[in-house]
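In what follows, chains are A, B, ... by sequence order, proteins preceding strands, each numbered from 1. Side-chain atoms are counted along with the backbone in the values below, which use heavy atoms only and exclude waters and symmetry mates. None of these values were measured; they are calculated from a predicted model.
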Amino acid sequence: MAERCAVIGVGQTHHKSKRDDVSIAGLVREAAKMALADADLTWSDIDAVVIGKAPDMFEGNMMPEIYLAPALGAVGKPMFRVHTAGSVGGSTALVAAHLISSGIHKRVLTVAYEKQSDSDAMWALSVPQPFAAPLLAGAGGYFAPHIRAYMRRSGAPEYIGRMVAVKDRKNAMRNPYAHLHLPDIDMKMVEDSMMLWDPLRYLEACPSSDGAAAMVLSSEDAISGHYPPAWIHGMAMRSEPTMFAGRDQINPQAGRDCSADVYAQAGITNPREQFDCAEVYVPFSWYEPMWLENLGFCDLGDGWKLTEAGATAFDGDIPWNASGGVLSSNPIGASGMLRFLEVAMQVRGQAGEHQVDGAKLALGQAYGGGSQFFAMWVVGSEKP
Amino acid sequence: MADSEVLHAEHRLEYPYSRSTGPIIGAFLTALRDGRFLGATGSNGSIIVPPTEYDPITSDDVGELVEVGPGGVISSWAWVSTPLRKHPLQTPFAWALITLDGADTAMLHAVDAAGPDDLATGTRVTARFRPASERIGSMADIEAFVVEGGAA
């Protein structure tokens with residue numbers, strides 16, 4: 001029987017396009033110190049540190065965990081670095097939680113970050129490799145054809161993507177840490193923005209952010225902090241190949257298997273009914289309806305209908321990305337952890353202006369690579 | 001199959017990056033540009049030079065920045081009799097760990113001396129900065145250290 005594990009402290013930076021006032025160490029320490037303060041702990045109370053970030057080429061800082069070990073209080077303690085592309089923030093939190101659920105440690109600090117202004121991740125993702133299919137222009141270039149395929153398969157109207165773009169930016173207005181605050185956002189503003197990768201327009205894509213996220217995870221006998229713990233009810237990861245002819249990139253098997261696993265652990269049979277909210281990795285607007293289907297919140301082909309009906313809006317029956325999501329802040333390595341952190345904030349009742357009333361049970365999801373790495377957790381205000 | 005039939009492709013990877021140095025390392029580098037040394041105060045009162053952003057013992061933020069040097073003491077050194085093209089000096093020199101006056105940690109830099117007989121553990125040296133117009137906020141703003149009172 002695994003030990004119970006809970007989130008007892010959270011911290012994040014104010015995500016921005018450029019944090020030139022801090023070093024990478026300064027950026028990650030900002031989030032880590034905030035999480036320690038929230039948990040009412042100091043560096044010396046931590047047993048182990050687990051850090052995650054997206055590919056090293058994004059900042060050109062090879063194996064940053066070497067340089068960040070002392071910056072994160074890891075001297076004399078175990079430290080691990082996790083690496084699963086864009087889902088890394090989620091996988092990092094899960095590796096940290098496993099160190100507690102396995103009974104090895106009592107308090108683990110987990111941190112994820114990206115300092116995109118030190119380079120340009122979109123072009124770092126676009127380096128042509130010999131004898132390999134090119135990714136062309138960044139993640140958007142890779143995902144746009146899959147979005148077109150989803151639209152054709154589901155019959156979704158063109159404006160659904162714009163609705164998600166508007167909804168998540170309106171939510172971001174409630175979140176002081178969000179990178180994008182666009183008070184005048186509306187369907188026309190999105191429609192008037194530049195076409196980047198058909199059918200994705202500029203305002204249907206995530207920003208490039210500098211930012212970090214951190215959590216303190218605890219075993220049941222070491223709970224502390226200023227808010228009630230967020231108990232972990234289930235956690236799962238799955239992977240699949242990037243390029244494989246038989247793969248369904250619109251509705252990946254790894255995503256379906258991962259959610260089936262985490263739902264079984266948490267006793268979820270009807271996610272739309274049972275969850276009070278969800279934070280799901282939506283870096284491009286159309287990934288909301290696609291993941292609604294992949295995560296079983298509706299029947300196949302119906303994801304866009306939930307978006308259209310407002311079900312996923314802040315005042316809908318199942319708010320998705322009340323924080324503004326990846327569409328409003330994208331420090332890549334931290335973006336998955338922010339999904340996990342935000343649902344912990346919701347069930348701890350510390351989400352402030354973007355608090356979903358009475359949230360008790362919530363799903364955090366992150367995906368990465370070519371829709372090939374999935375990480376999920378379910379957190380609740382009650383013990384599992 | 002002959003080797004010539006195996007495909008090879010050249011792959012050259014070049015990519016530009018920038019770095020933000022933050023309030024501690026940034027202040028240290030800015031001081032170098034001004035021809036001065038700054039150290040950070042650690043939790044036990046020790047002065048760390050070059051400064052770290054966080055205390056190496058407690059991981060807390062470091063305290064006040066204080067001016068140290070420009071003189072100091074060699075704690076360890078190695079003579080380079082045949083400098084390579086990329087070395088900071090093209091005449092024979094020493095790599096040395098130098099504890100600046102007021103500092104508790106040693107810093108690695110080059111010492112420009114006539115020969116190894118001029119150097120010993122405990123020898124006093126002082127920084128020779130490049131002219132102000134050439135300084136950019138880098139360790140290379142210090143051309144080298146020289147023996148105090150020496151001819152170099």
Side-chain angles (χ1 to χ4, degrees), chain A residues 16-30 32-33 36-37 41-46 49 55-62 64 67-77 79 109 111 113 115-132 134 210, chain B residues 1 3-33 38-65 103-108 136-139:
Chain A
K16 289 183 176 166
S17 49
K18 194 166 175 61
R19 280 296 306 274
D20 56 5
D21 59 318
V22 288
S23 64
I24 290 174
L27 189 76
V28 296
R29 280 174 63 82
E30 214 171 281
K33 287 193 288 183
L36 287 171
L41 298 174
T42 63
W43 297 107
S44 60
D45 298 314
I46 298 298
V49 178
D56 291 355
M57 198 174 160
F58 286 2
E59 289 100 349
N61 191 346
M62 296 302 145
Y67 138 79
L68 291 173
L72 290 170
V75 174
K77 299 169 187 177
M79 184 175 190
L109 172 68
V111 182
Y113 75 95
K115 201 159 185 304
Q116 287 213 52
S117 68
D118 276 9
S119 178
D120 187 328
M122 185 181 122
W123 297 113
L125 277 171
S126 313
V127 177
Q129 305 282 341
F131 311 120
D210 286 359
Chain B
M1 197 191 283
D3 281 352
S4 61
E5 289 178 282
V6 178
L7 293 178
H8 294 272
E10 189 184 346
H11 185 219
R12 184 184 296 266
L13 192 55
E14 285 184 317
Y15 206 71
Y17 295 101
S18 62
R19 282 285 178 276
S20 48
T21 53
I24 306 295
I25 311 297
F28 172 76
L29 294 173
T30 304
L32 286 182
R33 197 178 59 191
L38 290 181
T41 311
S43 60
N44 57 4
S46 66
I47 304 298
I48 306 160
V49 186
T52 53
E53 287 191 73
Y54 36 82
D55 188 274
I57 301 162
T58 62
S59 297
D60 289 327
D61 291 352
V62 287
E64 200 188 351
L65 292 170
D104 294 292
T105 62
M107 184 177 88
L108 180 72
I136 56 168
S138 152
M139 287 300 272

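Heavy atoms from other residues, nucleotides or ligands lying under 6.0 Å from NZ of A:K16 number 12 at most.
Between atom CD of residue A:E59 and atom OH of residue B:Y15 there is a gap of 11.0 Å, rounded to the nearest 0.5 Å.
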Exercise. Step by step, would you call A:M57 with B:Y17 a side-chain contact (heavy atoms from CB on, under 4.5 Å)?
Worked result: CA-CA 9 Å; A:M57 198 174 160; B:Y17 295 101; 3.2 Å; yes
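Within residues 50-61 of chain B, the residues that have a heavy atom under 4.5 Å from a heavy atom of chain A are B:E53, B:Y54, B:T58, B:S59, B:D60, B:D61, listed by number. Heavy-atom neighbours of chain A within the stretch residues 39-47 of chain B, taken at a separation under 4.5 angstrom, are nonexistent.
Note on A:S44, A:G73, A:G60: by heavy-atom pairs under 4.5 Å with chain B, the leading option is A:G60.
Under the ring-ring contact (aromatic ring centres under 6.0 Å, His included) criterion, A:Y67 pairs with no residue at all, not counting sequence neighbours.
For A:R19, the part lying near chain B is the backbone, with the side chain staying farther off; criterion is any non-hydrogen pair under 4.5 Å. Only the backbone of A:D21 comes within less than 4.5 Å of a heavy atom of chain B; no side-chain atom from C-beta onward does. Proximity to chain B is limited to the backbone of A:F58, based on heavy atoms less than 4.5 angstrom apart. Interface remark: A:T42 contributes no atoms to any contact with chain B (heavy atom separation under 4.5 Å).
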Listed pairs under 3.5 Å, donor-acceptor, residues 20-31 of chain B side chains, sequence neighbours left out:
unit_1	atom_1	unit_2	atom_2	d
B:S20	OG	A:V22	O	2.6
B:S20	OG	A:K115	NZ	2.5
B:T30	OG1	B:G26	O	2.7

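Across B:P16 and A:S119, no two heavy atoms sit closer than the pair O-OG, 3.8 Å.
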